[in-house]
Novice: 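Once you've had a glance at the structure underneath, I'll fire off some questions.
We're numbering straight along the sequence, starting at 1.
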Amino acid sequence: MAIEDLAVLRQPADGAPVRPGAVLLGHVVLKGVQAGSFIGTAVGLLSSLRWPNTSITLSAGRGALIGAPVGAAMVLLKATQIDEEGVIDRGYRIMHNEHQVFVDTVSSAGGVVGLAIARRPPFGIGSAAVGMAAALLACPGLFRIAYTPGGWANL
């Protein structure tokens, strides 16, 4: 499969994504940002124990900014090794995996909340990354509440 095929428009059939390559690319880039945010936040927290002036948001933002291109590079390298059916299959499974969609939604919401409460504009990316990392930590509990019979009403 060629890299250009990642953005090819397909006729949806049986719930398949319209642009399966774009779904796959977006998914892996988001996973890279999530991993970078989580690792950057952890490094920032641990560094702040040793050096009190360490900025956790700066560390988290750097992690997120590193994670995005790493994820994109991973997809572009893998695109040369899988065929069109493999891309369509992966795109379909990403879109229809209930747990995956939940984690992506919660982490993105955490990033938006982090961005909204940023104290100053330069720290927006770092605050969004910290929010995303916090949301990832909260995902197991939120998932359990959301998918338990009675769900949120039991709180």
Novice: Please list, chain by chain and in numerical order, all residues satisfying side chain to side chain contact (heavy atoms under 4.5 Å, CB included) with V70, sequence neighbours excluded.
Specialist: I66, M74

Novice: In Å, rounded to the nearest 0.5 Å, how long is the span from CG of L24 to CD1 of I88?
Specialist: 11.5 Å

Novice: Taking the side chain as everything from C-beta on, heavy atoms only, tell me whether M95 gets closer than 4.5 Å to R90.
Specialist: no

Novice: Taking side chain to side chain contact (heavy atoms under 4.5 Å, CB included) as the definition, give me every residue that meets it alongside S48, ordered by chain and number, with sequence neighbours left out.
Specialist: T54, I56

Novice: Please name the pair of heavy atoms, one in S107 and one in A135, separated by the smallest distance, quoted to 0.1 Å.
Specialist: CA-CB, 3.9 Å

Novice: Side chains of V75 and V29, heavy atoms from C-beta outward: is any pair under 4.5 Å?
Specialist: no

Novice: Side chains of K31 and D104: does their closest heavy-atom pair fall under 4.5 Å?
Specialist: yes

Novice: Do V87 and D83 have side-chain heavy atoms sitting under 4.5 Å apart?
Specialist: no

Novice: Does S127 form a side chain to side chain contact (heavy atoms under 4.5 Å, CB included) with T57? I'd like the steps, not just the answer.
Specialist: CA-CA 5 Å; S127 296; T57 56; 4.0 Å; yes

Novice: When rounded to the nearest 0.5 angstrom, what distance separates NZ in K78 from CG in L25?
Specialist: 15.0 Å

Novice: Compare all side-chain heavy atoms of V23 with those of Y92 and state whether any distance is below 4.5 angstrom.
Specialist: no

Novice: How long is the gap from OG1 on T105 to CD on Q100, to the nearest 0.5 Å?
Specialist: 9.5 Å

Novice: Are V130 and L45 linked, directly or through intermediate hydrophobic residues, by side-chain heavy-atom contacts shorter than 4.5 Å (ILVMFWY only)?
Specialist: yes

Novice: For the CD1 atom of I39 and the CD atom of Q34, what is their distance to the nearest 0.5 Å?
Specialist: 11.5 Å

Novice: Do L137 and F38 have side chains that get closer than 4.5 Å, going by heavy atoms?
Specialist: yes

Novice: Hey, any chance V33 and V112 share a hydrophobic cluster, counting ILVMFWY side chains that come within less than 4.5 Å of each other, even indirectly?
Specialist: no

Novice: Report yes if some heavy atom in the side chain of M132 is under 4.5 Å from a heavy atom in the side chain of L30; otherwise report no.
Specialist: yes

Novice: Holding to side-chain hydrogen bond (donor to acceptor under 3.5 Å, both in side chains), I want the full list of residues that pass it with S59, two or more places apart in sequence or in another chain.
Specialist: none

Novice: Give, for atom CD1 of I125 and atom OG of S37, the distance between the pair rounded to the nearest 0.5 Å.
Specialist: 10.5 Å

